[in-house]
Trainee: 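Take a look at the following structure, please.
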Amino acid sequence: MGENGGAPEFGVEDLVMKFRKVLAMCFLMVFGTFMFSFKTAALKSEIIVGLDINVPPMGFLSESNEIVGFDIDLAKEVFSDKKVTFQPIDWDAKELELNSCKIDVIWNGMSKTPEREQNMLLTRPYMKNRQIVIVNKNSAINKLEDLQNKTVCVQKGSTGSDAFKNHEISNQTKNIIELENMLNCLNEVETLKSDATVVDEIVAKYYLNGKGLSGSFKILNQEISTEDYVIAVKKGNTELKDKIERGLLTLKESGKAEEISQKWFGTNLFFWEDLELTSTEASNTSKDLSLKPIIQGLWVTFKIFLFTIIFSIPLGLILCVLQNSRRKILKLLLKIYINIVRGTPLLLQLFFVFYGLPYVPVIGGYLTIKDRFLAGILTFVFNYAAYFIEIFRSGFLAVDKGQNEAAQVLGFSKTQALFKILLPQVLRITLPTICNECVTLVKDTALIFAIGVPELLSNTKNLVNSTANISSYIITGAIYLVICMIIVQIFRKLEIKFSCGGKV
Amino acid sequence: MKTIETINLYKKFGEKEILKNINFSSENGEIIAITGKSGIGKTTFLKCLAGLEKIDSGAIKTSGSIGYIFQNFNLFPHLVVKQNIEIPALNAKIYDKRTISEISEKLIKQFKLECVQNCYPANLSGGQKQRAAIARALILNPEIILFDEPTSSLDPELVKELTEIIKKLAKQNYTILIVTHDIEFAKQTADRILVLEDCKMLGLLT
Ligand SMILES: Nc1ncnc2c1ncn2[C@@H]1O[C@H](COP(=O)(O)OP(=O)(O)OP(=O)(O)O)[C@@H](O)[C@H]1O
Ligand SMILES: [Mg+2]
């Protein structure tokens, strides 16, 4: 640990400092290239249809790993003269995919919203999806008013759930139960645990048809709400839009559309109004770039980072010290914990903590964390703590055994030796590794979006998608870069401060 | 007066016997050197005396506390020399802070550490480190001081100085045990030289 020990003092650090601006430039250039690398639309004989493959029955992966579905069958018919490729996409990036010509069409049971109408060119509706009320076949409920003082279950986060809560009748029900998926809802109604459920007509009919359960239920005539399903192409691509609309009209007239619908739903849900084919394009107002989502996201990201660091480092340290104790069971438990956390993706852990814990047998009910942010923070803290345990363990191993012996002969108690001799050295030794973890954490925070907490990156992505302006990526990239640079600088200062005359 | 005494001290690592029924004793103010082949168990013997290694059978009697100067000193790298010297006393709370500071200043003067008292161990020379380690061992006022290979990192000049220091300490009635390979140094310093061989302690004339 002498001052002049080891390699010659080559000024690598100075070099990095000197070329920091250059490095930043490189960074921006990479982004720039990416920005302009989007190809312009080319007339093609190949059509790429983008879809989220998690939406049965519209488009999904079959058991034989093929993309199938109602929309898939329709699209194949409409583009029968072309080569069609079905491209799974990230649903949140659909506008970007379209605008950057990575795909030509979005055809995926997409409902029509004013926002989508502004960002893309939409066809006329080809289906109406209604949010319907389903009751047990023996139920006395026949109209919406009958839901008074009844128990209604909905699928958490679904259109049906939102629509029902906005509907006045929801105030008069006894209670509303939110369940993870629609099958659970139907099951509740079948077993009379709930009196009714509000679900998407299309999805419900698909399931009931597929499982031959239509007879067990009754569907109310009144719907809670409706939405139109449309197909989207890139703005300005009226040619393609017209082709699709003409194609759908032909399918309707030939009866092919009804046939496909029968196949998937056991009834005809295809719906096409014979209007004059007019291509109305919403005025192309390019929105100003607002930094508000970025700032809000930054604040969330910052909170995640801060909470995680504040809790995971002490937790890691405490558990590391406990690991040195002689209690075998404790040691074993910690070992299992570390191995699980380090051996599985953080993303999976996030999913598990938020979505999976309630399903743990017996105690699941007590483990449910309703708050997404809290669930995320807890996952991050326990994930990073596991790494910190190992980091600190390596730190303890790196402290000379003689230090402990010296403390012992000098009459230190075990606690005194730990706090006054070992810990200061462990922290000093592990500073560079802790810095590394912090920098990694800054970027890992983005994963929390997986459980629905909007943060810096996801907000940026949404901003880019809605404004079709890539510059937000550059801003956010620069923000991450600056945060990481600040962290590195802080740790360098700390390292110098605690170098104790040794080599920094 | 006997300051340290071992009765049938027995120590093994696993199946390997290191010390077999060692009977050893020292008098007040005596300087004893212990030599022996490398790996024979000298350090182990010192560690047993200091309570750093558990013994398998036998007994160790000491009349007072023990100071230990390690072969590589084991100064605390995150503390400056003055803190290194003071921390054992601060922990033990035998005196108030003021008194401890006064005592440490005296030791710093005694061992000529004034100019490095605010330096970290990483910035000390071998001799300075050794003197700091001795000063640190003395602050708890032990009766017995154990040295493990004290001359291994010193040049002849400093070895001479160390002999002086040790002799001075013996005059102050400290009992001193030195483990060393340096026979010349042992002859210069010790009243008695012992050889550790075949797990036994053999006497040797000076
Ligand atoms: N913790 C331990 N576990 C097992 N064996 C050990 C341990 N410490 C020392 N030994 C063994 O005990 C024997 C004596 O070691 P010790 O360090 O006492 O030798 P030494 O006489 O001081 O040697 P040197 O002169 O080289 O310092 C050696 O053979 C060593 O390998
Ligand atoms: Mg030794």
Side-chain angles (χ1 to χ4, degrees), chain A residues 1-7 9 317 320-321 324 326 391-392 394-434 491-504, chain B residues 43-44 46-54 62 65-81 83-94 116 118-126 128-129 132-142 144-148 153:
Chain A
M1 287 285 270
E3 202 171 16
N4 299 319
E9 309 242 346
L317 201 51
C320 179
V321 172
N324 286 334
R326 247 173 261 138
I391 289 170
F392 289 130
S394 74
F396 274 104
L397 289 178
V399 175
D400 194 85
K401 188 173 151 248
Q403 292 290 312
N404 222 339
E405 292 182 336
Q408 212 180 320
V409 285
L410 290 170
F412 285 60
S413 71
K414 277 220 162 104
T415 343
Q416 284 171 334
L418 177 65
F419 283 99
K420 297 189 175 165
I421 304 302
L422 298 178
L423 276 189
Q425 295 184 54
V426 166
L427 287 176
R428 189 185 57 156
I429 292 167
T430 50
L431 264 182
T433 326
I434 295 176
F491 272 88
R492 263 207 81 70
K493 291 258 156 66
L494 286 175
E495 275 175 47
I496 290 167
K497 189 168 172 215
F498 294 114
S499 67
C500 300
K503 205 165 168 354
V504 187
Chain B
T43 301
T44 310
L46 288 192
K47 285 193 174 167
C48 288
L49 294 186
L52 291 174
E53 288 283 0
K54 280 206 185 98
T62 54
S65 63
I66 289 179
Y68 196 123
I69 289 109
F70 294 88
Q71 185 167 354
N72 56 349
F73 316 127
N74 287 336
L75 290 170
F76 302 131
H78 59 295
L79 302 175
V80 297
V81 169
Q83 292 170 321
N84 256 289
I85 295 171
E86 288 178 357
I87 193 169
L90 289 172
N91 273 342
K93 294 200 182 91
I94 35 175
V116 290
N118 290 319
C119 290
Y120 287 101
N123 298 339
L124 299 188
S125 73
Q128 287 167 336
K129 276 185 202 165
I134 299 173
R136 185 180 68 172
L138 290 184
I139 193 137
L140 289 177
N141 210 10
I144 307 133
I145 306 173
L146 313 179
F147 283 89
D148 195 355
S153 63

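In this text, all values refer to a predicted model and were calculated from it rather than measured experimentally. Here is how names work: the chains are called A, B, and so on, in the same order as the sequence lines, proteins then strands, and each is numbered from 1.
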Trainee: Between B:Leu146, B:Ile139, B:Asn91, who has the most heavy-atom pairs with chain A when the cutoff is under 4.5 Å?
Mentor: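 Sorted descending by pairs with chain A, the first entry is B:Asn91.
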Trainee: What distance do A:Cys500 atom SG and B:Asn123 atom CG have between them, rounded to the nearest 0.5 Å?
Mentor: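 The SG atom of A:Cys500 sits 9.5 Å away from the CG atom of B:Asn123.
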Trainee: Could you tell me whether a side-chain N or O of B:His78 sits under 3.5 Å from a main-chain N or O of A:Leu423, the two making a donor and an acceptor?
Mentor: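 No, because the side chain of B:His78 does not come within donor-acceptor range (under 3.5 Å) of the backbone of A:Leu423.
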Trainee: Between A:Gln416 and chain B, which part of the residue has a heavy atom less than 4.5 Å away: side chain, backbone, both or neither?
Mentor: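 A:Gln416 touches chain B through side-chain heavy atoms alone.
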Trainee: What side-chain donor-acceptor pairs closer than 3.5 Å can you find for residues 65-77 of chain B, not counting sequence neighbours?
Mentor:
from, atom 1, to, atom 2, distance (Å)
B:Asn74, ND2, A:Gly402, O, 3.2

Trainee: Give the minimum heavy-atom separation between A:Leu410 and B:Leu140, together with the two atoms involved.
Mentor: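 Scanning both residues completely, I find the closest heavy atoms to be O-CD1, 3.3 Å.
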